[in-house]
Every structure is written in C-alpha cells, then in structure tokens.
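Worksheet: the structure to be examined is printed underneath.
What you see below is based on every heavy atom in this structure, not just the backbone, and it leaves out hydrogens, waters and symmetry mates. In each ligand, atom 1 is the first atom listed, and ligand 1 is the first ligand listed.
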Amino acid sequence: MNKIDHLGIAVADLTAASQRYQELGFAFHGSERVDEQGVTVAFFECGESHIELLEPTHDQSPIAKFLAKRGPGIHHLCVEVDDIEAALADYKSKGIQLINPEPVIGAGGCRVAFVHPRATEGVLLELKEKMK
Ligand code: ZN
C-alpha cells in the first residue's frame, strides 16, 4: 500500500457538487467520463491525495444504485498499489471477497479492482495500480 490515492463520493449533480467542493477550498484537477464504470468523475486536489466526485451516466450504473439506496456520500476508498495482479493474487489466496477478480479500467486509464465491502468492515475498497 503506497498511499490513499483518493476518496470517492457519490453525487447526483456533478456540476453543483463541483462548485461546492471548490467553495470548500479544493482545487479542481480535471474531469472525465468513464464508460467502463458508468460514471462521470471530477477530481479535486487534497495534498498528495484526491477527492473523486462520481455522478452516474445511466440508471444501471453502480453509482445510480448507491444513490437510490443511500443518497449522496462516501462511496469508496482507493489505495495505490505497485502491482495490482500481485495484490489480487494475494487476496485470492486468503479468500478475500473481490468484486473484480481481474483488473478493470478506471479513471485516467489506470488498472483498478474493487474489494467487496463485506471483506473490509463495510468500506468499498478500490485498488489502483501505480502508473508506470
Ligand atoms: Zn475511485
């Protein structure tokens, strides 16, 4: 584990939420649409980490389901790892429940994988491989 890469926050209105986070003092870092995850994201700087705001792009997006069930709020914690294949192999060998047994493409084209909240005391955990 290198560092907390970002904290993901589910929002219903990315434009309004982005304005609010800038009012709160977070510098805007960029935004993009990630079709693989059904979201549009905006990143804000927070020291060496980031805040990631996530707005669903369609009703079947995991973020749309999260918002319907729980409303806006903290959705996941993301940590950076050097080798995502090694981390997933280690977790599999320990029987840790994964949402993505293999890496998928996340924001910025990074390789990511999610660990089930049942395996982490209730927090959706995202592993993100360090850009090489
Ligand atoms: Zn994330």
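- At least one N, O or S atom of Glu126 sits under 2.8 Å from the Zn ion (ligand 1).
- Salt bridge present: Asp35 and Arg33 bring a charged side-chain N and a carboxylate O closer than 4.0 Å.
- Taking the Zn ion (ligand 1) as reference, the nearest N/O/S atom within Glu52 carries the name OE1.
- If you put the vertex on the Zn ion (ligand 1), NE2 of His6 and NE2 of His76 sit 110° apart, to the nearest 10°.
- For the side chain to side chain donor-acceptor pair (under 3.5 Å) with His6, the qualifying choice from Glu80, Lys128, Glu52 is Glu52, the only one to do so.
- Residue Leu88 holds its CG atom at 9.5 Å from CD of Glu129, rounded to the nearest 0.5 Å.
- Taking CG of Leu127 as the start and OH of Tyr91 as the end, the distance is 5.0 Å to the nearest 0.5 Å.
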